[in-house]
Amino acid sequence: MGFADQRFNVNLSILFTELPLLERPAAAAAAGFTAVELWWPWIETPTPEQSELDALKKAIEDAGVQLTGLNFYAGQLPGPDRGALSVPGAESERFRANIDVAIAFAQSLGCTTFNALYGNRVDGVDPAEQDALALENLTLAAQAVGRVGGTILIEALNRPESPKCPIVSAPKAIEIVDKVNEATGLGNAKFLMDLYHLSMNGEDLPSVIEQYAAKTGHVQIADNPGRGAPGTGSLPLEDLLDQLRKAGYDGWVGLEYKPGGKPSAEAFAWLPREARAVR
């Protein structure tokens with residue numbers, strides 16, 4: 001097994017960001033990849049002009065790559081925010097306004113997998129109130145995604161980099177997954193297993209894989225320390241992905257790492273070109 005046996009996609013919100021958004025799909029294709037994923041690209045608005053949506057759709061189609069995952073609106077990301085759906089007031093309303101827009105855009109490109117980032121704790125607001133709002137919004141999103149036969153993902157971030165986010169462990173993310181599935185009865189909420197975030201939390205990654213592979217809907221990787229490409233840190237990513245495969249996970253592995261001080265196109269030397277395209 002090994003890296004060559006995985007299905008990789010490139011996250012165009014962290015790689016190729018030295019290029020304008022509309023040039024990134026073609027850059028990923030030029031590097032040999034056939035699949036991409038995105039954070040919500042319009043951080044200022046959950047409902048961009050149709051012309052902006054159409055332009056990105058055309059760029060993805062013209063590049064000949066497949067969109068395999070999209071985040072719902074999550075506030076200022078990258079930046080101070082870690083999601084919007086648990087934040088009372090305007091941010092919650094923005095998340096709700098984004099649901100149908102994000103689903104329609106992604107579905108037009110054959111993508112039905114959506115990451116719903118939870119959001120930070122807000123000073124002066126009861127955490128129980130935020131959690132109730134989050135479950136309400138996640139239920140709405142899961143039901144909407146269910147209508148297109150899709151999956152909604154719940155991701156655990158890491159405490160050092162996201163100290164105000166309450167979802168900073170695999171068990172906590174799984175708890176939310178289970179609550180959403182119980183609320184909807186659809187079973188379409190899954191765990192987004194980001195091995196970098198979990199390692200930053202000090203979690204036992206082989207144990208996490210053993211316990212939660214069956215509830216995992218997507219995997220993302222970066223090495224640690226540094227959040228760089230595989231081989232720049234000390235995580236045994238090849239072995240961990242092999243373990244995931246053996247545990248039954250056969251989905252996408254998102255490359256969500258920083259390219260370092262060089263162009264993104266030069267940050268894939270660890271992966272032979274023939275292993276980059278989906279086979």
Trainee: How about L237 and F3: do any of their side-chain heavy atoms sit closer than 4.5 Å?
Mentor: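 Yes, their side chains come closer than 4.5 Å.
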Trainee: Do the side chains of Y118 and L85 get nearer than 4.5 Å, heavy atoms only?
Mentor: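 A side-chain contact exists here, since the closest heavy-atom pair is under 4.5 Å.
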Trainee: In Å and rounded to the nearest 0.5 Å, what is the CD to CG distance from E203 to N158?
Mentor: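 Here the rounded value is 10.0 Å.
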Trainee: Taking 4.0 angstrom as the limit, do E61 and K58 come out as a salt bridge?
Mentor: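 No, this pair does not count.
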Trainee: Looking at N71 and W39, would you say the former's side chain and the latter's main chain have a donor-acceptor pair under 3.5 Å?
Mentor: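 Pair absent, no side-chain N/O of N71 close to backbone of W39.
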Trainee: May I ask you to check whether F114 and F72 place their ring centres under 6.0 Å from each other?
Mentor: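 So the answer is yes for these two rings.
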Trainee: When you measure from the side chain of N188 to the backbone N and O of A142, does any donor-acceptor pair fall under 3.5 Å?
Mentor: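 Pair found, side chain donor or acceptor close to backbone of A142.
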Trainee: With a 4.5 Å limit on heavy-atom distance, are the side chains of V253 and N9 in contact?
Mentor: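 They are not in side-chain contact.
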Trainee: Going through the distances and angles, do L109 and Q66 end up as a side chain to side chain contact (heavy atoms under 4.5 Å, CB included)?
Mentor: CA-CA 7 Å; L109 289 160; Q66 179 182 354; over 6 Å; no
Trainee: For atom CD of E210, decide whether the heavy atoms of other residues, nucleotides or ligands shown that lie under 6.0 angstrom number more than 12.
Mentor: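 Atom CD in E210 is not packed in, count stays at 12 or less.
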Trainee: Please check if V36 and L271 belong to a single hydrophobic cluster, counting links between Ile, Leu, Val, Met, Phe, Trp and Tyr side chain heavy atoms closer than 4.5 Å.
Mentor: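 They do share one cluster, since a chain of ILVMFWY contacts under 4.5 Å joins V36 to L271.
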Trainee: Using ring centroids (six-membered ring only for Trp), state whether F8 and F33 fall under 6.0 Å.
Mentor: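 Here the rings of F8 and F33 have centres that are no less than 6.0 Å from each other.
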Trainee: Just to verify, which of L195, N11, L255 counts as forming a side chain to side chain contact (heavy atoms under 4.5 Å, CB included) with Q220?
Mentor: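 In the set L195, N11, L255, the residue that makes a side chain to side chain contact (heavy atoms under 4.5 Å, CB included) with Q220 is N11.
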Trainee: Is the shortest heavy-atom distance from the side chain of L117 to the side chain of L157 under 4.5 Å?
Mentor: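 In contact.
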Trainee: Got N137 and R96 here, is their nearest side-chain heavy-atom distance under 4.5 Å?
Mentor: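 Side chain of N137 against side chain of R96, heavy atoms only: contact under 4.5 Å found.
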Trainee: I167, V177: one ILVMFWY side-chain cluster at the under-4.5 Å cut-off?
Mentor: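 In one cluster with I167: V177, yes.
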Trainee: Examine distances only and state if a side-chain atom of W42 and a backbone atom of E44 form a donor-acceptor pair shorter than 3.5 Å.
Mentor: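 No; zero donor-acceptor contacts below 3.5 Å.
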Trainee: Stepwise, does the side chain to side chain contact (heavy atoms under 4.5 Å, CB included) test hold for V87 with S92?
Mentor: CA-CA 6 Å; V87 181; S92 172; 5.9 Å; no
Trainee: With no hydrogens and no angle check, is any side-chain donor or acceptor of N98 less than 3.5 Å from a backbone partner on P46?
Mentor: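 Yes: the side chain of N98 pairs with the backbone of P46.
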Trainee: Report yes or no: do S207 and Q211 form a side-chain donor-acceptor pair below 3.5 Å?
Mentor: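 Result is yes, a qualifying pair exists.
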Trainee: Under 3.5 Å, is there a donor-acceptor pair between the E161 and Y196 side chains?
Mentor: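 Judged by distance alone, the side chains do pair up.
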Trainee: A quick test of your reading: do over 12 heavy atoms of other residues, nucleotides or ligands sit less than 6.0 Å from CD of Q50?
Mentor: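 It does: Q50 CD has more than 12 such atoms within range.
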Trainee: Are F191 and L244 linked, directly or through intermediate hydrophobic residues, by side-chain heavy-atom contacts shorter than 4.5 Å (ILVMFWY only)?
Mentor: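 Hydrophobic grouping puts L244 with F191.
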Trainee: Which pair of heavy atoms, one from A144 and one from I99, lies closest together, and at what distance?
Mentor: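 Minimum heavy-atom separation between A144 and I99: CB-CG2, 3.6 Å.
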Trainee: Are K172 and E175 ion-paired here, with the side-chain N under 4.0 Å from a carboxylate O?
Mentor: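 Yes, K172 and E175 are salt-bridged.
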Trainee: Over all heavy atoms of both residues, which pair between L235 and A222 is shortest? Give the atoms and the distance, please.
Mentor: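 Closest heavy-atom pair between L235 and A222: CD1-O, 3.6 Å.
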Trainee: So, Y257 side chain and A267 main chain: donor-acceptor pair closer than 3.5 Å or not?
Mentor: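 Looks like yes, one N/O pair under 3.5 Å.
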Trainee: Counting only heavy atoms not in Q76, do more than 12 sit closer than 6.0 Å to its CD atom?
Mentor: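 For Q76, atom CD is crowded (more than 12 foreign heavy atoms under 6.0 Å).
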Trainee: Does any non-hydrogen side-chain atom of D100 lie less than 4.5 Å from one of F105?
Mentor: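 Side-chain contact under 4.5 Å: no.
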Trainee: Taking the side chain from T216 and the backbone from Y212, do they hold a donor-acceptor pair closer than 3.5 Å?
Mentor: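 Yes; at least one donor-acceptor contact below 3.5 Å.
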Trainee: As an exercise, state the distance from CD1 of I154 to CE of M193, rounded to the nearest 0.5 Å.
Mentor: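 Interatomic distance, I154 CD1 to M193 CE, rounded to 0.5 Å: 14.5 Å.
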Trainee: Between S169 and N201, do the side chains contain a donor N or O and an acceptor N or O under 3.5 Å apart?
Mentor: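 Checked: N201/S169 side chains show no N/O donor-acceptor pair below 3.5 Å.
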Trainee: Please check: side-chain N/O of T34 versus main-chain N/O of A277, any donor-acceptor pairing under 3.5 Å?
Mentor: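 It does not hold such a pair.
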Trainee: Can you tell me how far apart CG (L15) and OG (S264) are? Round to the nearest 0.5 Å.
Mentor: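 Reported value, rounded in 0.5 Å steps: 5.0 Å.
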Trainee: Determine yes or no for a side-chain-to-main-chain donor-acceptor pair under 3.5 angstrom, with R245 supplying the side chain and D5 the backbone.
Mentor: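 At least one qualifying donor-acceptor pair exists.
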Trainee: Which atoms form the tightest heavy-atom contact between T112 and V145, and what is the distance?
Mentor: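 Distance-wise, the nearest heavy atoms are O-CG1, 4.2 Å.
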Trainee: For C111 versus G69, what's the shortest heavy-atom pair and its separation?
Mentor: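 Nearest heavy atoms, C111 then G69: SG-N, 3.5 Å.
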Trainee: Under a 4.0 Å N-O cut-off, is there an ion pair linking E155 with K190?
Mentor: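 Here E155 does not pair with K190 in a salt bridge, since their nearest N and O are not under 4.0 Å apart.
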Trainee: I221 vs D194, test: side chain to side chain contact (heavy atoms under 4.5 Å, CB included). Steps then yes/no.
Mentor: CA-CA 6 Å; I221 63 169; D194 186 309; over 6 Å; no
Trainee: Would a hydrophobic clustering, with Ile, Leu, Val, Met, Phe, Trp and Tyr connected at side-chain separations under 4.5 Å, put V168 with L192?
Mentor: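 Different hydrophobic clusters.
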Trainee: So which atom in A170 and which in L198 form the shortest heavy-atom distance, rounded to 0.1 Å?
Mentor: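 Shortest heavy-atom separation between A170 and L198 comes out as N-CD2, 3.9 Å.
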Trainee: When rounded to the nearest 0.5 angstrom, what is the spacing between CG in N181 and CD1 in I176?
Mentor: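 One gets 11.5 Å once the value is rounded to the nearest 0.5 Å.
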Trainee: I'd like to know if D250 pairs up with R7 as an ion pair, taking the criterion as any Lys NZ or Arg NE/NH1/NH2 lying under 4.0 Å from an Asp or Glu carboxylate oxygen.
Mentor: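 Salt bridge flag = no for R7 with D250.
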Trainee: Do L240 and P206 come close enough that some side-chain heavy atom pair is under 4.5 Å?
Mentor: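 Side-chain contact under 4.5 Å: yes.
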Trainee: Enter the distance from S162:OG to H197:NE2 here, rounded to the nearest 0.5 Å.
Mentor: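 So the gap between those two atoms works out to 6.5 Å.
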Trainee: Is R121 paired with D131 through a side-chain N to carboxylate O contact shorter than 4.0 Å?
Mentor: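 Looking at R121 together with D131, the answer is yes, because their closest N to O distance falls below 4.0 Å.
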Trainee: Decide whether L53 and V65 are clustered together by the hydrophobic rule: side chain heavy atoms of Ile, Leu, Val, Met, Phe, Trp, Tyr closer than 4.5 Å, transitively.
Mentor: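 L53 and V65: one cluster.
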Trainee: Given salt bridge (Lys or Arg N to Asp or Glu O under 4.0 Å), test E18 with K262 step by step and report yes or no.
Mentor: CA-CA 10 Å; E18 66 270 25; K262 56 187 174 184; over 6 Å; no
Trainee: To check you understand the geometry: which heavy-atom pair defines the closest contact between A27 and L19, and what is its length?
Mentor: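 Scanning both residues, the minimum pair turns out to be CB-CD1, 3.5 Å.
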Trainee: Between NE2 of H218 and OG1 of T113, what distance do you get to the nearest 0.5 Å?
Mentor: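 Spacing of NE2 (H218) from OG1 (T113) equals 8.0 Å.
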Trainee: Show the numbers, then the answer: is there a side chain to side chain contact (heavy atoms under 4.5 Å, CB included) between F268 and R273?
Mentor: CA-CA 8 Å; F268 304 108; R273 191 175 180 90; over 6 Å; no
Trainee: Got a donor-acceptor contact below 3.5 angstrom from the S234 side chain to the N224 backbone?
Mentor: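 At least one qualifying donor-acceptor pair exists.
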Trainee: For a 4.5 angstrom cut-off between non-hydrogen side-chain atoms, does L70 reach E37?
Mentor: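 No - every pair of side-chain heavy atoms lies 4.5 Å or more apart.
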